[in-house]
Engineer: 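Before I ask anything, here is the structure I am working with.
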Amino acid sequence: ASPAFLAITPLNVISTTVQNGGGVDGIISTITISDNSKVTDNEAGIGSGGGVYAYEATLTISDHSEVTGNSAYHEGGGVCADDATLMTISGHSKVTGNQADEGGGVFLEDSTGTIEDSWVADNTADAGGGGVMPAGTTQLAVLGTTLKNNIRTDPDNPGPDDLGGTNPTCGSTCGAGSFGNCTFEAA
């Protein structure tokens with residue numbers, strides 16, 4: 001099957017509820033969300049990717065775009081990049097105020113991602129990765145990005161959780177991830 005192409009530039013996707021990809025659902029596709037676009041208040045009621053779900057896709061969120069106030073039952077309240085997805089969040093974009101079981105802001109599994117010169121803040125995850133949760137064979141680079149006030153609500157281990165499974169210190173590494181010139185602020 002040929003990949004599909006979806007460009008949201010500028011467009012607002014607001015208040016939808018579905019299984020996966022509450023706002024945007026891209027499978028074997030190219031998804032571009034740019035030019036001050038907003039994916040807001042959407043829900044993946046029984047699935048993943050409350051704001052955006054990308055599976056075997058190329059996903060770009062850039063140019064002051066926002067993924068805010070979304071929720072997912074499973075992974076990626078704001079963004080879920082799954083199974084060989086190439087994800088880039090850049091250009092002063094924001095992933096804020098999202099909620100999921102894992103990866104309240106961003107969840108990546110078996111994918112490659114870059115978050116650069118952006119903002120991941122005020123997201124919540126029940127099990128882990130309040131801000132960003134890399135899983136499986138994910139390779140992730142976080143550069144020049146502010147991670148702030150992201151929390152894990154697990155009753156056995158609550159607290160600040162900007163990057164699930166990592167030591168949130170600038171310049172640290174986690175598996176195949178790298179983090180540089182970032183700002184980490186506790187909740």
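Not measured: the values here are computed from a predicted model.
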Engineer: Among all residues two or more places apart in sequence or in another chain, which pass the side-chain contact (heavy atoms from CB on, under 4.5 Å) test with Ser71?
Structural biologist: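 Only Glu43, Gln99 meet the side-chain contact (heavy atoms from CB on, under 4.5 Å) criterion with Ser71.
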Engineer: Can you find a heavy atom in the side chain of Thr88 that is under 4.5 Å from one in the side chain of Ile61?
Structural biologist: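 Sidechains of Ile61 and Thr88: no contact.
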Engineer: Do the side chain of Asn123 and the main chain of Asn98 share a donor and acceptor less than 3.5 angstrom apart?
Structural biologist: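 Confirmed, Asn123 side chain pairs with Asn98 backbone.
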Engineer: Rounded to the nearest 0.5 Å, what separation is found between the OG1 atom of Thr96 and the NZ atom of Lys148?
Structural biologist: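 Going from OG1 on Thr96 over to NZ on Lys148, the span is 12.0 Å.
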Engineer: Which atom names give the shortest non-hydrogen contact between Thr145 and Trp119, and what distance separates them?
Structural biologist: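 Closest approach of Thr145 to Trp119, heavy atoms only: CG2-N, 4.2 Å.
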Engineer: Check whether any side-chain heavy atom of Met87 sits under 4.5 Å from a side-chain heavy atom of Val79, and report yes or no.
Structural biologist: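 The answer is yes; the side chains approach within 4.5 Å.
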Engineer: For Val120 versus Gly131, what's the shortest heavy-atom pair and its separation?
Structural biologist: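 Closest heavy-atom pair between Val120 and Gly131: CG1-O, 3.7 Å.
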Engineer: Heavy atoms only: give me the nearest Ala84-Ser111 pair and the separation to one decimal.
Structural biologist: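 Nearest pair, atom of Ala84 first, then Ser111: N-OG, 3.6 Å.
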Engineer: Side chains of Val132 and Leu140, heavy atoms from C-beta outward: is any pair under 4.5 Å?
Structural biologist: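 They are in contact (side-chain heavy atoms under 4.5 Å apart), so the answer is yes.
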Engineer: State, to 0.1 Å, how close Ala44 and Gly21 come at their nearest heavy-atom pair, and which atoms those are.
Structural biologist: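 Closest approach of Ala44 to Gly21: CB-N, 4.3 Å.
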Engineer: Check for a donor-acceptor pair, side chain of Arg152 on one end and backbone N or O of Gly129 on the other, with a separation under 3.5 Å.
Structural biologist: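 No; zero donor-acceptor contacts below 3.5 Å.
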Engineer: Can you name the side chain to side chain donor-acceptor pair (under 3.5 Å) partners of Ser48, sequence neighbours left out?
Structural biologist: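 Ser48 satisfies side chain to side chain donor-acceptor pair (under 3.5 Å) with Glu75 once adjacent residues are dropped.
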Engineer: When you compare the side chain of Thr114 with that of Ile89, does any pair of heavy atoms fall below 4.5 Å?
Structural biologist: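 A side-chain contact is absent here, since even the closest heavy-atom pair is not under 4.5 Å.
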Engineer: Under 3.5 Å, is there a donor on one side chain and an acceptor on the other for Asp117 and Ser90?
Structural biologist: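 No, Ser90 and Asp117 have no side-chain donor paired with an acceptor closer than 3.5 Å.
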Engineer: Measuring from atom OG1 of Thr153 to atom CG of Asp126, what distance do you get when rounded to the nearest 0.5 angstrom?
Structural biologist: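 So the gap between those two atoms works out to 4.0 Å.
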Engineer: Only pairs at least two apart or in different chains count here, so list each ring pair (Phe, Tyr, Trp, His ring centres under 6.0 Å) that has a residue in residues 86-114.
Structural biologist: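 Qualifying pairs, neighbours excluded: His64-His92.
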Engineer: Establish, from distance only, whether the side-chain atoms of Asn42 and Asn70 form a donor-acceptor pair under 3.5 Å.
Structural biologist: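 Asn42 vs Asn70: donor-acceptor pair found between side chains.
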Engineer: Decide yes or no for Asp25 and Ile27: does some side-chain heavy atom of the first lie under 4.5 Å from some side-chain heavy atom of the second?
Structural biologist: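 In short, these two side chains touch, coming nearer than 4.5 Å.
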Engineer: Would you tell me whether Asp110 and Thr137 have side-chain atoms, one donor and one acceptor, within less than 3.5 Å of each other?
Structural biologist: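 Yes - a donor-acceptor pair under 3.5 Å links their side chains.
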Engineer: Heavy atoms only: give me the nearest Ile33-Val39 pair and the separation to one decimal.
Structural biologist: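 Closest approach of Ile33 to Val39, heavy atoms only: CD1-CG2, 4.2 Å.
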Engineer: Got a sec, which residues hit side-chain contact (heavy atoms from CB on, under 4.5 Å) with Ala100, two or more places apart in sequence or on another chain?
Structural biologist: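 If we apply the side-chain contact (heavy atoms from CB on, under 4.5 Å) test to Ala100, skipping adjacent residues, the hits are Ala72.
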Engineer: Do the side chains of Glu109 and Thr85 get nearer than 4.5 Å, heavy atoms only?
Structural biologist: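 No - every pair of side-chain heavy atoms lies 4.5 Å or more apart.
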Engineer: Please report the closest heavy-atom contact between Leu108 and Val106, naming both atoms and the distance.
Structural biologist: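 That would be CD1-CG1, 3.5 Å.
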Engineer: Counting only N and O atoms by type, is there a donor-acceptor contact under 3.5 Å from the side chain of Thr40 to the main-chain atoms of Lys38?
Structural biologist: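 Checking the backbone N and O of Lys38 against the side chain of Thr40, no donor-acceptor pair under 3.5 Å is found.
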Engineer: Tell me every residue that passes side chain to side chain donor-acceptor pair (under 3.5 Å) with Thr60, counting only those two or more places apart in sequence or in another chain.
Structural biologist: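 Side chain to side chain donor-acceptor pair (under 3.5 Å) check on Thr60 returns nothing, list empty.
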Engineer: Please name the residue in the list Ile151, Asn150, Asn149 that meets the side chain to side chain contact (heavy atoms under 4.5 Å, CB included) test with Thr124.
Structural biologist: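 Of Ile151, Asn150, Asn149, side chain to side chain contact (heavy atoms under 4.5 Å, CB included) with Thr124 is met by Ile151 alone.
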Engineer: Does any pair with a residue in residues 79-103 pass salt bridge (Lys or Arg N to Asp or Glu O under 4.0 Å), and if so which ones, sequence neighbours excluded?
Structural biologist: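 Passing the test, one end in residues 79-103: no pairs.
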Engineer: Not counting sequence neighbours, which residues clear side chain to side chain donor-acceptor pair (under 3.5 Å) with Asp154? List them please.
Structural biologist: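 Scan of Asp154 (side chain to side chain donor-acceptor pair (under 3.5 Å), adjacent residues dropped) gives none.
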Engineer: Please check if Tyr53 and Ile28 belong to a single hydrophobic cluster, counting links between Ile, Leu, Val, Met, Phe, Trp and Tyr side chain heavy atoms closer than 4.5 Å.
Structural biologist: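 They do share one cluster, since a chain of ILVMFWY contacts under 4.5 Å joins Tyr53 to Ile28.
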Engineer: Listed by chain and number, what are the side chain to side chain donor-acceptor pair (under 3.5 Å) partners of Ser62, not counting sequence neighbours?
Structural biologist: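 Side chain to side chain donor-acceptor pair (under 3.5 Å) check on Ser62 returns nothing, list empty.
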Engineer: Verify, without hydrogens or angle tests, whether Asp35 (side chain) and Asp63 (backbone) share a donor-acceptor contact under 3.5 angstrom.
Structural biologist: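 Looks like no, no N/O pair under 3.5 Å.
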